[in-house]
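Only this structure's heavy atoms are used, side chains among them; waters, hydrogens and symmetry mates stay out.
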Amino acid sequence: MDAAGRAELREAREGDLPAIRDIYNHAVAHSTAIWNEVLVDVENRRAWWQARRASGYPVLVAVRGETVLGYASFGDWRAFDGFRGTVEHSVYVAEGAQGQGLGRALMTALIARARAIGKHVMVGGIESGNAGSLALHRAMGFREVGRHREVGQKFGRWLDLTFMELVLDDRPRP
């Protein structure tokens with residue numbers, strides 16, 4: 001944490017997993033940011049964290065002191081070899097910590113990590129009614145590339161999914 005009290009970004013540690021679980025579960029229970037309906041335990045988040053680390057992918061946290069305010073990661077977009085240059089990211093900020101620039105800071109760090117390991121495209125799948133997330137992605141240089149209507153459901157209604165992408169480099173060939 002710096003002298004101004006701003007959040008620090010760092011790699012997630014095992015001790016961060018309960019807070020990551022809490023942020024995840026809050027999004028599950030109260031938002032359409034995650035299209036799951038079942039709350040998870042720390043073991044679920046540990047398995048997820050370990051799988052990301054085993055793949056060489058980051059799990060970053062934004063912390064102020066010892067308090068985890070948000071987390072972000074990316075993973076393979078699709079399981080086929082031809083998609084190995086593309087990752088899909090996720091960024092979640094705790095209730096009460098939103099609107100402080102943490103989402104932007106986490107995304108900036110993720111983009112840098114993806115570029116550093118040679119990824120070519122980063123994809124985001126965003127619930128089409130999530131105006132804040134769509135605006136943040138546009139501000140970060142992502143462009144909308146498609147919208148799937150009524151492909152999801154939660155809270156008794158159909159949900160649309162907007163796909164956005166950011167090309168990370170200008171390589172003409174892989």
Side-chain angles (χ1 to χ4, degrees), residues 6-53 55 57-78 87-111 113-114 122-140 142 144 146-166:
R6 289 185 293 245
E8 169 193 355
L9 300 185
R10 62 167 170 76
E11 288 287 336
R13 303 174 187 147
E14 190 159 3
D16 299 324
L17 295 176
I20 290 171
R21 175 213 48 213
D22 292 347
I23 293 167
Y24 179 92
N25 282 342
H26 187 273
V28 167
H30 302 286
S31 80
T32 56
I34 299 173
W35 293 8
N36 289 331
E37 297 172 345
V38 176
L39 302 181
V40 301
D41 58 17
V42 171
E43 288 307 312
N44 172 281
R45 294 295 82 193
R46 182 175 289 112
W48 167 81
W49 174 66
Q50 289 172 336
R52 292 291 165 107
R53 291 179 56 187
S55 295
Y57 293 152
V59 176
L60 304 175
V61 291
V63 296
R64 189 171 293 125
E66 295 300 314
T67 303
V68 175
L69 303 172
Y71 73 93
S73 187
F74 59 74
D76 294 329
W77 183 51
R78 300 197 68 195
V87 292
E88 183 172 5
H89 71 285
S90 56
V91 177
Y92 298 100
V93 177
E95 183 181 35
Q98 297 167 351
Q100 300 175 24
L102 298 173
R104 177 182 292 273
L106 286 162
M107 283 183 62
T108 298
L110 277 186
I111 291 166
R113 296 290 181 93
M122 182 175 280
V123 172
I126 304 155
E127 195 275 315
S128 298
N130 189 339
S133 184
L134 292 169
L136 174 60
H137 281 78
R138 284 186 197 98
M140 300 290 301
F142 284 75
E144 184 174 328
R147 185 175 297 212
H148 298 284
R149 292 185 35 81
E150 298 182 357
V151 295
Q153 56 185 295
K154 193 169 181 183
F155 304 132
R157 66 182 202 264
W158 296 114
L159 301 174
D160 296 350
L161 182 65
T162 298
F163 274 106
M164 299 188 82
E165 70 179 24
L166 177 68

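Within the 4.5 Å cutoff, no side-chain heavy atoms of Leu60 are placed close to those of Arg10. Within the 4.5 Å cutoff, side-chain heavy atoms of Asn36 are placed close to those of Ile34. Counting heavy atoms from C-beta outward, Val28 and Leu39 have side chains that approach closer than 4.5 Å. Between Leu9 and Val61 the shortest side-chain heavy-atom distance does not fall below 4.5 Å.
Expressed to the nearest 0.5 Å, how far CD1 of Ile126 lies from OG1 of Thr32 amounts to 11.5 Å. From Arg46, atom CZ reaches atom CD1 of Ile20 across 11.0 Å, with rounding to the nearest 0.5 Å. Within the model, atoms OG of Ser55 and CZ of Phe74 stand 10.5 Å from one another, a figure rounded to the nearest 0.5 Å. The distance from atom CZ of Arg138 to atom CD of Glu144, rounded to the nearest 0.5 Å, is 6.0 Å. Distance check: Leu17 CG to Asn44 CG gives 10.0 Å after rounding to the nearest 0.5 Å. Arg104 contributes atom CZ, which lies 6.0 Å from atom CG of Leu136 (distance to the nearest 0.5 angstrom).
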*Apply side-chain contact (heavy atoms from CB on, under 4.5 Å) to the pair Tyr57 and Arg113, showing each step before the final yes or no.*
CA-CA 8 Å; Tyr57 293 152; Arg113 296 290 181 93; over 6 Å; no
_The test is side-chain contact (heavy atoms from CB on, under 4.5 Å); show your working for Val87 and Val123 and say whether it passes._
CA-CA 6 Å; Val87 292; Val123 172; over 6 Å; no
_If you apply the rule side-chain contact (heavy atoms from CB on, under 4.5 Å), what do you find for Glu37 with Phe155, and how did you get there?_
CA-CA 9 Å; Glu37 297 172 345; Phe155 304 132; over 6 Å; no
_Run the salt bridge (Lys or Arg N to Asp or Glu O under 4.0 Å) test on Asp76 and Arg52 for me, step by step, so that the C-alpha distance in whole Å, both residues' side-chain angles and the decisive distance to 0.1 Å come before the verdict._
CA-CA 9 Å; Asp76 294 329; Arg52 292 291 165 107; over 6 Å; no
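The backbone N or O of Asp22 lies less than 3.5 Å from no partner atom in the side chain of His26, so there is not a single donor-acceptor pair. Side-chain atoms of Lys154 never come within 3.5 Å of backbone atoms of Ala33 as a donor-acceptor pair (strictly under, hydrogens ignored). Judged purely by atom type and a 3.5 angstrom limit, Thr67 has no side-chain atom pairing as donor or acceptor with the backbone of Val63. Of the possible polar contacts, none joining the Arg147 side chain to the Leu161 backbone as a donor-acceptor pair under 3.5 Å is found. Between the side chain of Asn130 and the backbone N or O of Glu127 there is no donor-acceptor pair closer than 3.5 Å. A donor-acceptor distance shorter than 3.5 angstrom exists from the side chain of Asp41 to the backbone of Glu43, with no hydrogens or angles considered. For the pair Gln100 (side chain) and Leu102 (backbone), a donor-acceptor distance under 3.5 Å is absent.
Here the shortest heavy-atom pairing between Thr108 and Met140 reads OG1-CE, 3.3 Å. Val42 and Pro18 make their closest contact through CG2-CA, 4.0 Å (heavy atoms, listed as atom of the first residue, atom of the second, distance). Among all heavy-atom pairs drawn from Gly125 and Glu88, the shortest one is N-OE2, 3.7 Å. Minimum interatomic distance between Ala62 and Leu106 (heavy atoms only, all atoms of both residues): N-CD2, 4.0 Å. When all heavy atoms are compared, the tightest approach of Gly103 to Val93 is N-CG2, 3.8 Å.
Aromatic pair Tyr71/Trp48: ring centres closer than 6.0 Å. If you look at His89 and Phe142, their ring centroids are closer than 6.0 Å.
With sequence neighbours excluded, the residues that form a ring pair (Phe, Tyr, Trp, His ring centres under 6.0 Å) with Trp77 are Phe83. Residues that satisfy the side-chain contact (heavy atoms from CB on, under 4.5 Å) test with Ala19, not counting sequence neighbours, are Val68. Applying the side-chain contact (heavy atoms from CB on, under 4.5 Å) test to Glu150 and every residue at least two apart in sequence or in another chain returns Trp158, Asp160.
The aromatic rings of Tyr24 and Tyr92 stand perpendicular to each other, their planes meeting at an angle above 60°, with 30° marking the opposite boundary.
The environment of Glu95 atom CD is sparse: at most 12 non-hydrogen atoms of other residues, nucleotides or ligands sit within 6.0 angstrom.
Salt-bridge formation is not detected for the pair Arg53/Glu11: no Lys NZ or Arg NE/NH1/NH2 atom is positioned less than 4.0 Å from an Asp or Glu carboxylate oxygen.
Ser90 and Ser73 form no side-chain donor-acceptor contact under 3.5 Å, judged by distance and modelled atom types alone.
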